[in-house]
Each structure stands twice: as structure tokens, then as C-alpha cells.
> 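If you scroll down you'll find the structure; I have some questions about it.
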Amino acid sequence: MPELPEVETVVRRLRRPLVGRTITAVRATWANSVPTGIPHLQRALPKRKILSLNRRGKYLKFDLSGGYYLFIHLKMSGDLEIEGQSEAPHPHDRTVFQLDNKKELRFRDPRKFGRVYLVKDESRVTGKLGPEPLTIEEDSFLNLFKGKKGRLKPLLLNQEFIVGIGNIYADESCFEAGIHPKRKVQTLKKEELQRLLKAIKQILGKAIKFNGSTFDFVYRGGGFQNHFKVYDRKDEPCKRCKTPIKRIILGSRSTHFCPKCQS
DNA sequence: CTAAAATCCTGGTGGC
DNA sequence: TGCCACCAGGATTTTA
């Protein structure tokens, strides 16, 4: 469930302790977690220095010495922890990066959806991704919708259209903009799209301030879940008008909205 | 072309 | 209390 704000929170937490460190060894226990191959990781990663750590969409991007990039996608249940090499390993540790300071970066992922990629050509991982919602200009955002069809929410979830927005923040953004998630995008007026971009930036920004949302048993984020206005609030009163929040399935995703405030 | 469904996964939940 | 079917969901792949 980690979306843009949660990944951003993880990146900010890890940047200081990781940048400048050198990877000394790699352990990995689940082959599907590493599409570019565990042996490749173990061969190519040792002695590489972490030059920088950033976020691209929902990916963590490690810039390494020697022209390599390490990408990690947390998907549903992934999390990253820095712990001492002597600390007991966790049963859900899938890939562990040993560091040159007696510590290690542990990629913990109960549901095994998360992925680790080691590449020299970063476009192999991020080549098809859409623009970043926090920095996109209004004109570019409006242009994204030219010639697009379908319902609004599935488009917002499409990472080739725009990155970083997942099920929670799509619902919250639609509510904040007062737009029904089922609206056909061709019918959206310029003024509505302007409102939508403002809503997206506001919601994502606020979620980052709260260090993201804490989800179920796995992901330890921040406190934004206490500020949800529609997500996971089926039948509860709308914070704006008291009308019960509705839950439908849209694009095979649970979708929450206020039938009165959103049209 | 679009859209929906299946796929990968496991801990939590609700029903009995 | 115990068992079990079912659900959640990001992104990709398959089917309609």
C-alpha cells in the first residue's frame, strides 16, 4: 500500500544513514523479489558506494558507484529497516544489504510483492513512468488528459499516466476536488482539472507532513490515516455534509466517495 | 482500442 | 475456540 507519501517518508528516513556507505554483501531468500537476479546482485553490488538516494514515483532509487542503479518497490507490504548485523533477523526479510559499518539494510516484505532491481540502464525500470505529481506544472497536467478516455480514477492509478497515486490518495484527491471518481475524463472541464491538480498536490503534501499513512499490520508509516475523509469510511458521515460515504468497486478497486459532494 | 479479470502473496477478519 | 473461505491491493499479464 505504500504510495508516494509513504515512499517519500522512507527515503527521507534512510537517506542520512545510507548515503556514503558502501555495500559489502547481499543475502536474498526469495528469487521472485529480484527480477534482475539474486546472483547478479551478489556479484555486482559488493564494494559499491551509495552516492544518493531518491524517489521516482513509488520506487526508491539508489545511485551507486560504477554506474549502477538499485531500485526497490515496496508494493503492498514492503518496508526497509537499518539494523545492526548482530540483531536477530526477521522472518520476512527477503533481501538484506550488508553495509561497511556493522549495520545492514533489510528489505522486509511479508506478502512478497515487493521488487528489487539492479540495472545500469535506469530506463529499464522507470522508462515508461509518467510525470511526478508534486512538481508538474498546470499546463503539462492539463495536456496529459488530451485524447484520454475512460473513468477518472483508473487513470489516476495508472503509473504511465502520472506516478505515485494509489488507491487511498486517488479517493482522497477526488473528494478534495469534488469530482466523482467515475467521471469520464473527456467530460472534465479545465476548471475541474485545475481543481484536481491542486487537490492532488495538497493531499500528497499533507500526507508527507504526517509521514504517510500507517496501514494494517505491516507498514509502519505516520499519522495521515487519521485524516482520511473518504477512504475506508464506508457508511460513515461525510466530513463536509454528513451524507454517508459510499463504497463501490471501480476498475476492480474499492472506491470511496461522497455521493453529495462529488459529481 | 478499452476494460475487466487473473495473477502474485499472506495476515487478518468474519462467519459458523 | 478453531477452522476456513475470503479479502486487501500495485502492477503486470491475460482474456474478452
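Only a predicted model underlies this, so the values are computations on that prediction, with no experimental measurement involved. Within every chain, numbering begins at 1; the chains are lettered A, B, ... in the order of the sequence lines, protein sequences first and strands thereafter.
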> Examine A/K61 relative to A/F71 and say whether NZ or CZ is less than 6.0 Å from the centre of the six-membered ring and inside a 45° cone about the ring axis.
no
> State whether A/K58 places a side-chain N or O below 4.0 Å from either non-bridging phosphate oxygen (OP1 or OP2) of C/dG10.
no
> B/dT10 phosphate, OP1 or OP2: any side-chain N/O from A/R108 under 4.0 angstrom?
no
> Does A/Y231 make a side-chain N or O approach to OP1 or OP2 of C/dG9 shorter than 4.0 Å?
yes
> Distance check needed: B/dT10 P versus A/R94 CZ, whole Å only.
7 Å
> Output the rounded distance in Å from NZ (A/K75) to P (B/dT10).
15 Å
> Students often get this wrong, so: under 4.0 angstrom with heavy atoms, is A/N32 touching a base, only sugar-phosphate, or nothing?
sugar-phosphate
> Measure CD/A/E160 against C1'/C/dA11 and give the value in whole Å, please.
10 Å
> Check whether any side-chain nitrogen or oxygen of A/S252 sits under 4.0 Å from OP1 or OP2 of C/dG9, and answer yes or no.
no
> Can you name the closest pair of heavy atoms from A/L157 and A/A170 and give their distance?
CD2-CB, 3.9 Å
> May I have the distance from A/L157 (atom CG) to B/dA4 (atom C1'), rounded to whole angstrom?
14 Å
> Parallel, tilted or perpendicular: which describes the rings of A/F210 and A/F224, with under 30° parallel and over 60° perpendicular?
tilted
> Indicate, with a heavy-atom threshold strictly under 4.0 Å, whether A/F161 touches base, sugar-phosphate, or nothing.
nothing
> Looking only at side-chain N and O atoms, does A/H92 come under 4.0 Å of OP1 or OP2 in B/dG11?
yes
> Take A/R253 and A/R151, find for each the nucleotide of DNA chain B with the closest heavy atom, and name the residue whose nucleotide sits nearer the 5' end.
A/R151
> Which listed nucleotide (B/dC9, B/dT2, C/dG10) is nearest to the side chain of A/K149?
B/dT2
> In whole Å, I'd like the distance from the CG atom of A/N167 to the C1' atom of C/dA11.
13 Å
> If I take atom CD1 in residue A/I249 and atom C1' in nucleotide B/dA5, what distance separates them, rounded to the nearest angstrom?
13 Å
> Starting from C1' on C/dG9, measure out to NE2 on A/H73 and report it in whole angstrom.
12 Å
> Inspect the contact between A/R108 and A/E81 and indicate whether a charged nitrogen and a carboxylate oxygen are less than 4.0 angstrom apart.
no
> Check the distance between C/dA11's P and A/Y59's OH and give it to me in whole angstrom.
7 Å
> Ignoring hydrogens and angles, are the base of C/dG10 and the side chain of A/R111 linked by a donor-acceptor pair under 3.5 Å?
no
> Using the ring of each side chain (for Trp, its six-membered ring), is A/F161 parallel, tilted or perpendicular to A/F145, with breaks at 30° and 60°?
perpendicular
